[in-house]
Amino acid sequence: MWWGGRGQSFNIAPQKEEPEMGESRMPEPRSRQLSSCLASGCLPGEQILAWAPGVRKGLEPELSGTLICTNLRVTFQPCGWQRNQDTPLSSEYDFALVNIGRLEAVSGLSRVQLLRPGSLLKFIPEEILIHGRDFRLLRVAFEAGGLEPQAFQVTMAIVQARARSSQARQYLGITPSKAGQGSGSRKPPIPLMETAEDWETERKKQGARGWRVSTVNERFDVATSLPRYFWVPNRILDSEIRRAFGHFHQGRGPRLSWHHPGGSDLLRCGGFYTASDPNKEDIRAVESMLQAGHSDVVLVDSMDELPSLADVQLAHLRLRALCLPDSSVAEDKWLSALEGTRWLDHVRACLRKASDISVLVTSRVRSVILQERGDRDLNGLLSSLVQLLSAPEARTLFGFQSLVQREWVAAGHPFLTRLGGTGASEESPVFLLFLDCVWQLLQQFPADFEFSEFFLLALHDSVRVPDTLTFLRNTPWERGKQSGQLNSYTQVYTPGYSQPPAGNSFNQQLSVWDWDLRYNSAQILQFQNPGYDLEHCPDSWLPRPQPSFLVPGPPSSVWLFSRGALTPLNQLCPWRDSPSLLAVSSRWLPRPAISSESLADQEWGLPSHWGACPLPPGLLLPGYLGPQIRLWRRCYLRGRPEVQTGLSAPIISGLQDELSHLQEAEEDLG
């Protein structure tokens, strides 16, 4: 049968005439009700594979309903619950197949089977537990009374659908017409940084007068992992950029990430190709781009003191194992086991380094360059945190979404690979580490952020939802190719791939920022932080330009920032007398011993003849010692039934009730 809603088709797989084990027929009235409920919220090409009546357990109140498995997701349909016509997906009840980290079938008190893709269920389950890779838990007990075969069927359907999903990974996302939003012109909620106009608007907003939008990568023939457009110094020609970028890893040469209103520039780039042999003109162009018109230049090794990709992955796996309901760790040893995961240590290291870089950017007028070999992971994390710490506009709801779109999505962070969507060994949830860092800032500076913890949870849970291409592809080129934005392809630098031509023929896709696809208006209202102080909004911050707290450095000073201190360098590029910072770091000038104090604690860590600098207004410097870094309980402990109650994100009414209780308690004490 085909069921449609709002211009969509929903294929419900036919049932057998005679039910067998694992292939029972749903009663016709329930089938019609199920089809009617889901028709308004189906995804294009979605097919129901199996269903079974059940009761959602583990959360209060328990809900009766139907567990449904499709070729894209597992969803629980509460009895009497209707999907909103304007919200095709349900953020609360849906588990994308790619988000299922662990599936368990339970029979009786002691019979438990862990079901991996391709497993064969050995008994009829009384209950199944679906552990999401986002730490959510869906626990469903099946109804008895002759419906046991359906419980077997839906469980096996989930096992088989996961196996097929892990092989395909080709979901194309939803277009506005498929989501029932019409096919006319539509403005995205935030700039997607896919056009030159988006980049020019943002450049003007930042006041980066010394920079321009380059179109040299418009055909993706410089680097397929870079956006089509990016910012370069005014005086650098596109022909020079094309040659200079060829001397950096993956063609990711230096580009502007953010222009500080006082005059400093934050850049990012990949590692030097030390094996290349640039001529003098290329070296001059590279140095000019790195210097960006400043007399003071600081080169930051982004990988120094931060966890490797493997470290992040291992810590996240340990954290997930610790937070499982059946964790074998004793309660009195749980906190020490948490420290043993090293996850909080990695959060602490990221915040410390970002704080130091923020001091570098705000204390002097200079060029600060973040350099990472691939320029697609830690550079994005540090650049984003620096802007959150230094720019009040980045702490607004609109500004934060724009920041993530520009520094992560458009910049080519390999979301699909890092989140385990390709099956490759390079899985490492760097973006989730970043979100944890942001949550820590929200806890320490609750009045400075316009968005709430509920918003961070929504973004955290959206990374594995197969409704948009935002997190389902690794590069802007892949995203554009898959969505039909680009029409034909030829490849220049990377064998086996193709590169699309220039053009602005867009088949508009919905993005993760189209929140009404999964959340209703009441939930979206909770994205706002009720404690946000309007005095911290960008309009009440410093006027531009504001150079009073930024002091030019000595002429032609070049520094390496490493291990919490600045070390003078003889040159920027590795092709003259010394090797690359990233290739053979031990051959650079000797590094000082790591300091126990932050750069700010060391009177900004700058030479004494520059004098003391006051802390700039609008700059946040978080604490990162001991208990100042906390576990994000509302995110990581959602899968533990005994602690799920009370961990839902706060809403305004809930905060008001809590305030009333505190006031009553205070009166009683008085």
Side-chain angles (χ1 to χ4, degrees), residues 199-200 202-217 226 229-245 247-248 252-270 272 278 280-300 357-371 375 379 382-383 386-387 390-391 406-407 542 544-561 566 568-576 581 606-607 610 613 616:
W199 287 89
E200 178 62 15
E202 180 64 24
R203 184 195 67 80
K204 292 179 178 178
K205 182 178 178 181
Q206 294 188 15
R209 296 183 181 87
W211 299 81
R212 67 177 179 85
V213 178
S214 173
T215 60
V216 69
N217 197 45
L226 283 176
Y229 312 99
F230 44 78
W231 298 312
V232 297
N234 280 333
R235 61 184 176 277
I236 305 297
L237 301 176
D238 278 356
S239 58
E240 295 177 300
I241 294 171
R242 184 181 297 275
R243 294 197 309 271
F245 274 40
H247 301 295
F248 288 84
R252 298 179 67 89
R255 301 99 56 211
L256 176 68
S257 280
W258 177 59
H259 176 76
H260 189 279
S264 287
D265 290 311
L266 180 67
L267 286 71
R268 60 185 290 181
C269 67
F272 296 119
K280 292 182 179 180
E281 289 74 17
D282 291 348
I283 293 178
R284 188 179 298 111
V286 169
E287 290 179 338
S288 181
M289 283 187 284
L290 293 172
Q291 191 172 0
H294 296 279
S295 60
D296 190 26
V297 182
V298 178
L299 195 61
V300 179
I357 297 171
S358 299
V359 170
L360 292 173
V361 171
T362 56
S363 62
R364 298 290 184 273
V365 178
R366 52 159 60 101
S367 172
V368 179
I369 305 115
L370 304 178
Q371 189 172 42
D375 181 39
N379 269 3
L382 290 174
S383 176
V386 168
Q387 293 178 60
S390 309
R406 187 176 69 252
E407 295 296 331
L542 300 172
R544 293 186 174 180
Q546 181 70 24
S548 59
F549 58 85
L550 292 158
V551 184
S556 302
S557 54
V558 180
W559 306 87
L560 169 67
F561 179 70
L566 291 166
L569 292 177
N570 294 325
Q571 62 191 48
L572 272 174
C573 297
W575 300 294
R576 293 188 176 179
L581 163 67
L606 301 174
W610 285 355
C613 249

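Atom CG of Asp296 and atom CZ of Arg364 lie 8.5 Å apart (nearest 0.5 Å). One distance of note links CG of Leu560 with CG of Asn570; it measures 11.5 Å at 0.5 Å rounding. The NE2 atom of His294 lies 11.5 Å from the OG atom of Ser557; values are rounded to the nearest 0.5 Å. To the nearest 0.5 angstrom, Leu267 atom CG is 9.0 Å from Arg255 atom CZ.
Residues Val297 and Leu572 have side chains in contact (heavy-atom distance under 4.5 Å, counting atoms from C-beta outward). At least one side-chain heavy atom of Leu382 sits under 4.5 Å from a side-chain heavy atom of Ile357. A 4.5 Å side-chain heavy-atom check between Trp211 and Asp265 finds at least one atom pair inside the cut-off. Side-chain contact check for Leu370 versus Leu266: some heavy-atom pair is nearer than 4.5 Å. Looking only at side-chain heavy atoms (C-beta outward), Trp559 and Leu299 stay at 4.5 Å or farther from each other. Counting heavy atoms from C-beta outward, Ile283 and Glu287 have side chains that approach closer than 4.5 Å. Side-chain contact between Leu566 and Leu360 is present, with at least one heavy-atom pair separated by less than 4.5 Å.
When all heavy atoms of Arg235 and Gly293 are compared, the pair lying nearest together is NH2-N, 3.1 Å. Residues Leu290 and Pro254 share a closest heavy-atom pair of CD2-CB, 3.7 Å. Residues Trp258 and Ser390 come closest through the heavy atom pair CH2-CB, 3.6 Å. Smallest separation of non-hydrogen atoms from Gly253 and Phe245: N-CD2, 3.4 Å.
In this structure a side-chain-to-backbone donor-acceptor pair under 3.5 Å is missing from Arg366 to Val298. Not one N or O on the side chain of Ser264 forms a donor-acceptor pair closer than 3.5 Å with the backbone of His260. Formation of a donor-acceptor pair under 3.5 Å by the Ser383 side chain with backbone atoms of Ser257 is not found in this model. Between the side chain of Gln371 and the backbone N or O of Gly270 there is at least one donor-acceptor pair closer than 3.5 Å. Side-chain atoms of Ser288 never come within 3.5 Å of backbone atoms of Arg284 as a donor-acceptor pair (strictly under, hydrogens ignored). In this structure, Asn379 contributes its side chain and Cys269 its backbone to a donor-acceptor pair below 3.5 Å.
With sequence neighbours excluded, no residue forms a side-chain hydrogen bond (donor to acceptor under 3.5 Å, both in side chains) with Asn217. The side-chain hydrogen bond (donor to acceptor under 3.5 Å, both in side chains) search around Glu200 returns Arg203, not counting sequence neighbours. Under the side chain to side chain contact (heavy atoms under 4.5 Å, CB included) criterion, Ser214 pairs with Arg212, Val216, Phe230, Val232, Asp238, Ile241, sequence neighbours left out. Remark: Glu240 engages no residue in a salt bridge (charged side-chain N to carboxylate O under 4.0 Å, His left out) (not counting sequence neighbours). Annotation: salt bridge (charged side-chain N to carboxylate O under 4.0 Å, His left out) contacts of Arg268 (sequence neighbours excluded): Asp375, Glu407. Scored by the side chain to side chain contact (heavy atoms under 4.5 Å, CB included) test, Glu202 finds Met193, Lys205, Gln206, Trp231, Arg406 as partners (sequence neighbours excluded).
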Show your reasoning for whether salt bridge (Lys or Arg N to Asp or Glu O under 4.0 Å) applies to Asp282 and Arg243. CA-CA 7 Å; Asp282 291 348; Arg243 294 197 309 271; 2.9 Å; yes
